[in-house]
2 protein chains.
Amino acid sequence: MRKKRTNDPEGMRRRVLDVAADSFQARGYHASSLGDLMAAAGVTGGALHHHFPTKKALALAVIDERVAAALLETWIAPVRAAPSAREGVRDVFEAVAAELEQQGYVRGCPLNNLAHELSLADDQFRAALASIFAGWRQAIADKVRDDQRTGGEGGTDPDRFAALTVAAYSGAMSMAKTAQDSGVLRECLRGLISLST
Amino acid sequence: MRKKRTNDPEGMRRRVLDVAADSFQARGYHASSLGDLMAAAGVTGGALHHHFPTKKALALAVIDERVAAALLETWIAPVRAAPSAREGVRDVFEAVAAELEQQGYVRGCPLNNLAHELSLADDQFRAALASIFAGWRQAIADKVRDDQRTGGEGGTDPDRFAALTVAAYSGAMSMAKTAQDSGVLRECLRGLISLST
DNA sequence: TCCAAAACAGGATGATCATCCTGTTTATAA
DNA sequence: TTATAAACAGGATGATCATCCTGTTTTGGA
């Protein structure tokens, strides 16, 4: 019997973060036990504790590295790349709605899920989540300002539009998750569009 | 030493529900231990178990009796009593914002807080919360239809307006809670109004 | 008055969970 | 090669928690 082991700190860290991000979104922070995460990731207690000394440290890493990245990928980057803020917002709503429809269930927005459970519990959690919200809003507002500089988009207040968009999306996802029906997303998008044209 | 005790089933049930509703909103369902609730309500384990056999039963009672009642009081009744749907919505937003400003902190919307934590965990929770959301939207949509019947309110789609309003409010409260700043509520309200006039 | 059921008391129990601790193995740099 | 730290293993521990159980008191009806 040969003994073999290959140390792979980055890979192990990544696997734990993958499993934790998934479980936190599906079951929430408190309902996700470290034992479950260890089993799901195929990681021992010692390894987990080495990379993340506490559960809180793990959650902060999930927020900083996974939740922020997910928002960048599904919202911020597409809006920046879109021809206009309004078109970008519409496309993201529709893309998310389409994805939810084909997967058949709604787990909600990772940012909102964690924000509700953690922002009152711990100020470090709160601050980390708040800064992601702020970056989200700013990306949309900046895009509106860009549109205004290059001719389009009349007198829309960029910050108001951004706040309303983020709020409408977050709230729509809340309802979609609770009803397990992504139709609300499209309904809210139509409301946003029909009001602003 | 005289022994005295006055049975007060309704009062005891009410006190437990008060404490539980408060704690569920402030700390969430999982982070609220029955021991804490017992201490805060001044109730023994036997009494608690007599009125609510399980923690889940307690939470369902909180949802059905307290969360639903809170929404009726702060949203549905004011909107129904308002001269128009739009004015009702605006007044509620402003009333809530004013209340949050004077109390100095934001605990979020009880319905949304519980919806995020519980709707994926248990289908009975999910269904109870979803029906409250549905009633909320319907009350607003009905008010719009009333307005249209009595002359006002042009071609606004009642269901779209209701969905957008509830989503915007829920999402704005999410952000306000995470940022601990009620300003977002007013910002979103301005966005809603400026788009719809 | 008497009795059965409801209301309440308070401790027991077993399971769960996050953290910690003591080792062992692998990588790195001198 | 060797020393040192990082990476990993796996069990121990103590605390917490929801539920249950046995017993006592109160209440309302017969």
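Model, not experiment: these values are computed from the prediction. Just so it is clear: chains get the letters A, B, ... in the order the sequence lines come, proteins before strands, and each one is counted from 1.
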Using whole Å, what does the distance between atom [atom2] of nucleotide [N] and atom [atom1] of [X] come to?
X       : N      : atom1 : atom2 : result
A/Leu58 : C/dA18 : CG    : P     : 10 Å
B/Lys55 : D/dT16 : NZ    : C1'   : 11 Å
B/Met38 : C/dA9  : CE    : C1'   : 10 Å
B/Leu48 : D/dA18 : CG    : P     : 10 Å
B/Tyr29 : D/dC17 : OH    : P     : 13 Å
B/Asp36 : D/dA18 : CG    : P     : 8 Å
B/Phe52 : C/dC8  : CZ    : P     : 11 Å
A/Leu34 : D/dA15 : CG    : C1'   : 15 Å

Report summary line: On a heavy-atom basis, the closest approach of B/Ala47 and B/Met12 is CB-SD, 3.5 Å
Report task. Considering only NZ, NE, NH1 and NH2 on the basic side and carboxylate oxygens on the acidic side, decide whether B/Asp146 and B/Arg149 come within less than 4.0 Å. Result ->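 Yes, charged N to carboxylate O under 4.0 Å.
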Requested in this report: Assess whether side-chain contact (heavy atoms from CB on, under 4.5 Å) is satisfied between A/Phe161 and A/Arg86, documenting all intermediate values.
Outcome: CA-CA 9 Å; A/Phe161 177 79; A/Arg86 286 177 193 277; 3.7 Å; yes
Report task. Could you label the plane-to-plane angle of the A/His116 and B/His116 rings as parallel, tilted or perpendicular, counting under 30° as parallel and over 60° as perpendicular? Result ->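 It falls in the parallel class, under 30°.
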Requested in this report: Using a 4.5 Å cut-off on heavy atoms from C-beta on, say whether the side chain of B/Leu164 contacts that of A/Leu192.
Outcome: yes
Query raised in the report: In terms of heavy-atom contacts, does CD of B/Glu73 have more than 12 from other residues, nucleotides or ligands at under 6.0 Å?
Result: no
Requested in this report: Indicate whether the side chain of A/Asn113 and that of A/Lys177 have a donor and an acceptor atom separated by less than 3.5 Å.
Outcome: yes
Report task. Verify the distance criterion only: is there a donor paired with an acceptor across the side chains of B/Asn112 and B/Ser170 at less than 3.5 Å? Result -> yes
Expected rows: protein N/O vs nucleotides 3-7 of chain D N/O, under 3.5 Å:
unit_1: D/dA7; atom_1: OP2; unit_2: A/His50; atom_2: NE2; d: 2.7
unit_1: D/dA7; atom_1: O5'; unit_2: A/His50; atom_2: NE2; d: 3.4
unit_1: D/dA7; atom_1: O4'; unit_2: A/Asn7; atom_2: ND2; d: 3.4
unit_1: D/dA7; atom_1: N3; unit_2: A/Arg5; atom_2: NH2; d: 3.3

Between the protein and nucleotides 10-14 of chain D, which nitrogen or oxygen pairs come in under 3.5 angstrom?
unit_1: D/dG10; atom_1: N7; unit_2: A/Gly46; atom_2: N; d: 3.2
unit_1: D/dG10; atom_1: O6; unit_2: A/Gly46; atom_2: N; d: 3.3

Validation: residues 14-23 of chain B side-chain donor-acceptor distances under 3.5 Å, sequence neighbours left out:
unit_1: B/Arg15; atom_1: NH1; unit_2: B/Ala41; atom_2: O; d: 3.2
unit_1: B/Asp18; atom_1: OD1; unit_2: B/Arg66; atom_2: NH1; d: 2.3
unit_1: B/Asp18; atom_1: OD1; unit_2: B/Arg66; atom_2: NH2; d: 3.4
unit_1: B/Asp22; atom_1: OD1; unit_2: B/Arg107; atom_2: NH1; d: 3.3
unit_1: B/Asp22; atom_1: OD1; unit_2: B/Arg107; atom_2: NH2; d: 3.1
unit_1: B/Ser23; atom_1: OG; unit_2: B/Arg27; atom_2: NE; d: 3.4
unit_1: B/Ser23; atom_1: OG; unit_2: B/Arg27; atom_2: NH2; d: 3.4
unit_1: B/Ser23; atom_1: OG; unit_2: B/Ser32; atom_2: OG; d: 2.7

